[in-house]
Amino acid sequence: MTTTTEAPAVATRKLTYVKAFNEGLAQAMREDDNVFVAGEDVAGYGGVFRMFDNLLDEFGPRRMIDTPISEAALVGLGVGAAARGLRPVVDLMFMDFIGVCLDQIVNQAAKMKYMFGGALSVPLTITTASGAGLGAAAQHSQSLEAWLAHVPGLKVVMPCDAYTAKGLTVSAIRDDNPVVVMLNKVLLGSTGEVPEEIYGIPLGRAHTARQGSDVTVIALGRMVGEALAAADELSAEGVEIEVIDPRTVQPLDTETMFASVRRTHRVLVVHEAVTFGGLGAEIAAQIQDAVFDYLDAPVLRIGAPFSPVPFSPVLEKAYVPDRARIAQGCRRLLERS
Amino acid sequence: MTTTTEAPAVATRKLTYVKAFNEGLAQAMREDDNVFVAGEDVAGYGGVFRMFDNLLDEFGPRRMIDTPISEAALVGLGVGAAARGLRPVVDLMFMDFIGVCLDQIVNQAAKMKYMFGGALSVPLTITTASGAGLGAAAQHSQSLEAWLAHVPGLKVVMPCDAYTAKGLTVSAIRDDNPVVVMLNKVLLGSTGEVPEEIYGIPLGRAHTARQGSDVTVIALGRMVGEALAAADELSAEGVEIEVIDPRTVQPLDTETMFASVRRTHRVLVVHEAVTFGGLGAEIAAQIQDAVFDYLDAPVLRIGAPFSPVPFSPVLEKAYVPDRARIAQGCRRLLERS
Amino acid sequence: MAQRASTASKKSAQVSAEIIKDLHERMVRIRLFETEAGKLMEAGRLPGFLHLYVGQEAVAAGVMSALRDDDQITSTHRGHGHAVAKGVGFREMYAELYGRVTGACLGRGGSMHINDLTRGMLGANGIVGAGVPIAVGAAFAARYKGEDSVAVTFFGDGATNIGAFHEGANMAAILGLPVVFVCENNGYAEFTPQSGHMLLTDVADRAAAYGMPSVIVDGMDAVAVHRAAAEAVERARTGAGPMMIEAKTYRYFDHQGVKGLRHPYRSDEEVAEWKSRDPIDLIEARAVADGTATRPELDDVWRRTRDEIAEAIAYAEASPLPDPADLLLNVYSG
Amino acid sequence: MAQRASTASKKSAQVSAEIIKDLHERMVRIRLFETEAGKLMEAGRLPGFLHLYVGQEAVAAGVMSALRDDDQITSTHRGHGHAVAKGVGFREMYAELYGRVTGACLGRGGSMHINDLTRGMLGANGIVGAGVPIAVGAAFAARYKGEDSVAVTFFGDGATNIGAFHEGANMAAILGLPVVFVCENNGYAEFTPQSGHMLLTDVADRAAAYGMPSVIVDGMDAVAVHRAAAEAVERARTGAGPMMIEAKTYRYFDHQGVKGLRHPYRSDEEVAEWKSRDPIDLIEARAVADGTATRPELDDVWRRTRDEIAEAIAYAEASPLPDPADLLLNVYSG
Ligand SMILES: Cc1ncc(C[n+]2csc(CCOP(=O)(O)OP(=O)(O)O)c2C)c(N)n1
Ligand SMILES: Cc1ncc(C[n+]2csc(CCOP(=O)(O)OP(=O)(O)O)c2C)c(N)n1
Ligand SMILES: [Mg+2]
Ligand SMILES: [Mg+2]
């Protein structure tokens, strides 16, 4: 089951990011009885971020499972259930907790189909909240997509708004592979237009969030909104930037990026993760390889400095990339001839 | 204790890679009583790769600790002991097992100094064997340095021969930070000249393993030897390649790379890890950023294809980069004008 | 297998007046520190998360009163009580909650990473269970160096379901290390009752899986906790290996922050019942009854502590913020 | 807590002749498969690692004879015995060891990933303990779908020290899932004796930490294992939840490969003593003694199996290698 309903054209009402996620999940559960949710406080409490609000009422304890604090067993439960034909949605609460269960994600879920000679699929969805900005400090604020995107067999999506939170979640659940859905904590309460019906957003296809001719900005997750804000600021200065939201970082739709860079000749990649070894490196490496002759300037990367996420808001603010740094990066790129 | 004795100039005898490691470790243990080793079958058995042969005899059960199969507790033991002033060497046997203990490495060891406001150091060394080539399949063959190098607070070294296996291990143990020493399984029995006395190789400094003017090849770990072999092959064709061995991938000595590329104008990065999201991406991204105007061709990356490590030797051979692919990559770079 | 609470608390009669006063003061210090922190949070003056310790004071006070300064502890997300009881200063603790450069972590760590190496406080921890193996390592270091200090690791009922707890307990047992495992069983892991996360009634029964003795104590009775801890610490210090203490206790506030109105995961009656056995009320009643302290003496502890806290909060608020130019400070040593 | 071996084996008298023969045949199949694999490896004809099961046959045979085809198992690095006993074919198993495209994993997995979904064999596993939670998930799926199949997870004595075991056991217990936990206690984790990795004598005692019943059986007595497994499976199938079986057994060969000369981690006497209770010898003696089978009938099983193995090895050797052009096959679905 890898078909994805394309999103309907007209959105009808505003919803928060977390409610959009919740609605997509609920609709996917209605669509397929094989979908169930397991995690810590996902059922009775509805999830510490309210991601699973009301789902226990509708779907009951058969399909909404509260588990002990046992992330390795939790993901393993998902792997085993997926191997036996269910479509588990397993919640890891904070992305930072993957350190206690990465073996099940990377050595089991991701490799099982391959190692088993294709004998099965592992249609497992892992949901988690990532990102800094809430003063949650070094162990509750990380963006670790670079680890996961480096693992053959996994897919990874990073919704940037309510609309993509719903559509990517639906597609993740419908997909026959293990998919990690990285929600962003700061975006949870942000609102956006969201169609009422169920829809999937194709995995592996980037979205051009804004068209522009001067600089291409490739932004991951929450940075899409920051890039769009920077675009407004720059537009007032007469600079038009194109904003590309990969939506899925594994597989990564580089064709859309290459096509854009062929037109703009300048490109900036921005993500919350630390710059060193972040996905900006992969994107930069691919772009300079594929469209080298089109580049008027090196690919510029903006990410977090090489340190753990600091607690104090004054440091955290300086740590996480924002619209100002993006705008400044674009200006720097344009200065370079 | 971050000073490192520079290596003596003259080597006196040949030693295998694993014996060189073992000698460095033993000398570091003699040098400092705070150094001890813990891991599965490291004491009585001497390690499944013979990394710890004879150390129990010399250092006794106080300093050579066999542990249960409990990697999270094993690394945690190291973190706690390091926090209390010891210099633990903790062995993870196969690098693939870090999925069961990554939290202790990444959220505890790496971040502790920072999170604690600098109140302590964590002089922990983690040794492990990485790489494919032994038919050990998908869960015993990975090269996961990209994960670790993405983590602020960690250092990562990848010895490419007996000489560096000893010197980098000594420096890792003497360093006041958590350092992961990635030995390569295929290299264990390979021999090289190794000085008898204790010596450290400075962390964070790349080594130019061969000088050349036509192409710069940056090779990690075992790929250094493959690159040198490719260099011989190419030299016969009149092409001189420069081979750079970063030795330490975190921190990464990019200055040495930039300087080389400014002379050669062409660069290839090769590692065993899958290309997507591998350290080749970071190196490529930094090079195209720093020496953009010197590049006559895009930075070329060679790594494993995007799949788990296959078992069948015929597949594994096709999977892991080798001298032939490196030579071919160099030729491609030179064709490009 | 595990000694029952009754056994352990029977002995609680025989502690000195000095210890009673010490326990009382530690508990008052925690109670006031936490109550004020909760108020500051509700007033929007503190960034980040707070997992408050109110209700569980007898555990931290009871254990810490049995420790020396050079004994080491590892703590949890709910770590303020342990830090206060181990002697970490109010000033650096509040300054940390405020994210100031004068804080215990220079403002870098916040509530979940408060530590004080001079006090043997090896840190709160944001990852459930992660402190357990770290304490095992600290105990290893002590024995390795020939010192007789011990390590105590605190963890919740919920934390005993995670792998790190299991591995750490077995590691301490097989290596015979001086570690005391203190389970603060407050009946809940976040919003999940104990009955929803394990089949056992007594977490202490898990100790047997490691060949480790265990004892159950009334976690609202600081004296009982103190006695159990003193025994376990003595065992560990004299080379008899690790032991587990399960303290049955309760948190008054929500899992995070002060009041949780969202999900009625526990009843008002349940909360009220536990509060009727408030650990500070209990020790005060006892102290007054047996003449250990007078009411005015006890009140004085509250007053002094309140003053100290007011001063510490003022200090924190007056402290400078960290300088963003120092973002990379302390990422590496050397 | 755990029933003692004696209790469980007493009942071993009363199984049918059919089951005795079935157990015998499964064990012979494992013994010969492994012995030949070991020879092939020593002859340098097989790539990679082999963790051979010889000596432990009674466990796989005893458990698998109590299972249905739709019951699921998860296995370990030492997985050949489980696969053979669950009915996976010799051809695809040898072909996999040879890295041929006709292998159980199309040559992609090798020894440590042999699986057969049509037989409920959810895979060997190269990561110690990792199969435990996967079996819990398989059991979850069965109950979710309203099926009455069960899941069995095999693991060693050493594996019970890793977090995944602990978490998986507790998860199965609290969710009341139909999982049977089979600890094959062969006394060693690689080269470390049990006494070097845990303080307990009986791994079964760990089950109590999860509120799970347990039983200890003589792991050299296939009938005893069969009976214990049948009981545990019946419990699980009828909704009574998980249970643990500890089978005391022994591996004849080295941890990896056939002979380990490097480190004398166990004595010749110890090996000889266990071999004197060889599980196949035991069942053959019993079968002949009680008239269940004649010596010629038993010999015939060996002969037939040898022939089948010779044919399977020839098949494997004649099979094509995978095509490097297909390197990316099966990385993703769809
Ligand atoms: C590995 C991990 N999983 C989940 C969490 C989220 N979390 C924080 S506290 C908590 C509950 C802990 O329960 P318990 O151990 O009983 O301690 P208590 O909060 O009751 O003091 C959870 C699930 C975490 N921090 N780390
Ligand atoms: C997480 C992990 N740690 C270590 C290993 C290496 N290893 C493979 S088998 C083994 C010993 C397992 O012992 P036990 O569980 O008793 O099984 P046995 O080999 O005796 O069948 C070890 C340490 C591994 N594969 N995975
Ligand atoms: Mg609790
Ligand atoms: Mg064993």
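Letters A, B, ... mirror the listed sequences (proteins, then strands); counts begin at 1.
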Participant: Which one, B:Gln108, B:Gln250, B:Gln286, leads in non-hydrogen pairs under 4.5 Å with chain A?
Facilitator: B:Gln250
Participant: Among A:Gly153, A:Gly280, A:Pro305, A:Gly278, which has the most heavy-atom pairs under 4.5 Å with chain B?
Facilitator: A:Gly278
Participant: What part of A:Phe276 is in contact with chain B, defined as an atom under 4.5 angstrom from a non-hydrogen atom: side chain, backbone, both or neither?
Facilitator: both
Participant: Atom CG in A:Leu92, atom CD1 in A:Ile98: separation rounded to 0.5 Å?
Facilitator: 8.0 Å
Participant: Looking at A:Asp293, A:Leu300, A:Leu279, which has the largest count of heavy-atom pairs under 4.5 Å with chain B?
Facilitator: A:Asp293
Participant: With a 4.5 Å limit on heavy-atom distance, are the side chains of A:Arg336 and A:Pro298 in contact?
Facilitator: yes
Participant: Taking every non-hydrogen pair under 4.5 Å, which of B:Cys101, B:Pro310, B:Ala284, B:Ala146 racks up the most with chain A?
Facilitator: B:Pro310
Participant: Side chain, backbone, both or neither: which part of B:Phe306 has a non-hydrogen atom closer than 4.5 Å to chain A?
Facilitator: both
Participant: Would you call B:Asp253-B:Arg205 a salt bridge at under 4.0 Å N-O?
Facilitator: no
Participant: What residue in B:Asp103, B:Ile105, B:Leu144 has the most heavy-atom pairs under 4.5 Å with chain A?
Facilitator: B:Asp103
Participant: If I measure from the heavy atoms of chain B, does A:Ala72 come under 4.5 Å with its side chain, its backbone, both, or neither?
Facilitator: neither
Participant: Mark yes when over 12 heavy atoms from residues, nucleotides or ligands other than B:Tyr294 sit less than 6.0 Å from its OH; otherwise mark no.
Facilitator: no
Participant: Non-hydrogen atoms of chain B under 4.5 Å away: do they reach the side chain of A:Val249, the backbone, both or neither?
Facilitator: backbone
Participant: Looking only at side chains, do A:Gln139 and A:Asp96 share a donor and an acceptor under 3.5 Å apart?
Facilitator: no
Participant: Under 4.5 Å from any heavy atom of chain B, what part of A:Val106 do you find: side chain, backbone, both or neither?
Facilitator: side chain
Participant: So for A:Val151, is it side chain, backbone, both, or neither that comes closer than 4.5 Å to the heavy atoms of chain B?
Facilitator: both
Participant: Examine whether an atom of A:Leu295 lies under 4.5 Å from a heavy atom of chain B, and if so say whether it belongs to the side chain, the backbone or both; otherwise answer neither.
Facilitator: both
Participant: Salt bridge check: are A:Asp289 and B:Arg301 linked by an N-O gap of less than 4.0 Å?
Facilitator: no
Participant: Return yes when atom CZ of A:Arg332 has more than 12 non-hydrogen atoms of other residues, nucleotides or ligands closer than 6.0 Å, and no otherwise.
Facilitator: no
Participant: So what's closer than 4.5 Å to chain B heavy atoms on A:Gln104: side chain, backbone, both or neither?
Facilitator: neither
Participant: Measuring only between side-chain heavy atoms, which start at C-beta, is B:Leu120 closer than 4.5 Å to B:Met112?
Facilitator: yes
Participant: Can you tell me how far the CE atom of B:Met95 sits from the CH2 atom of B:Trp147, to the nearest 0.5 Å?
Facilitator: 8.5 Å
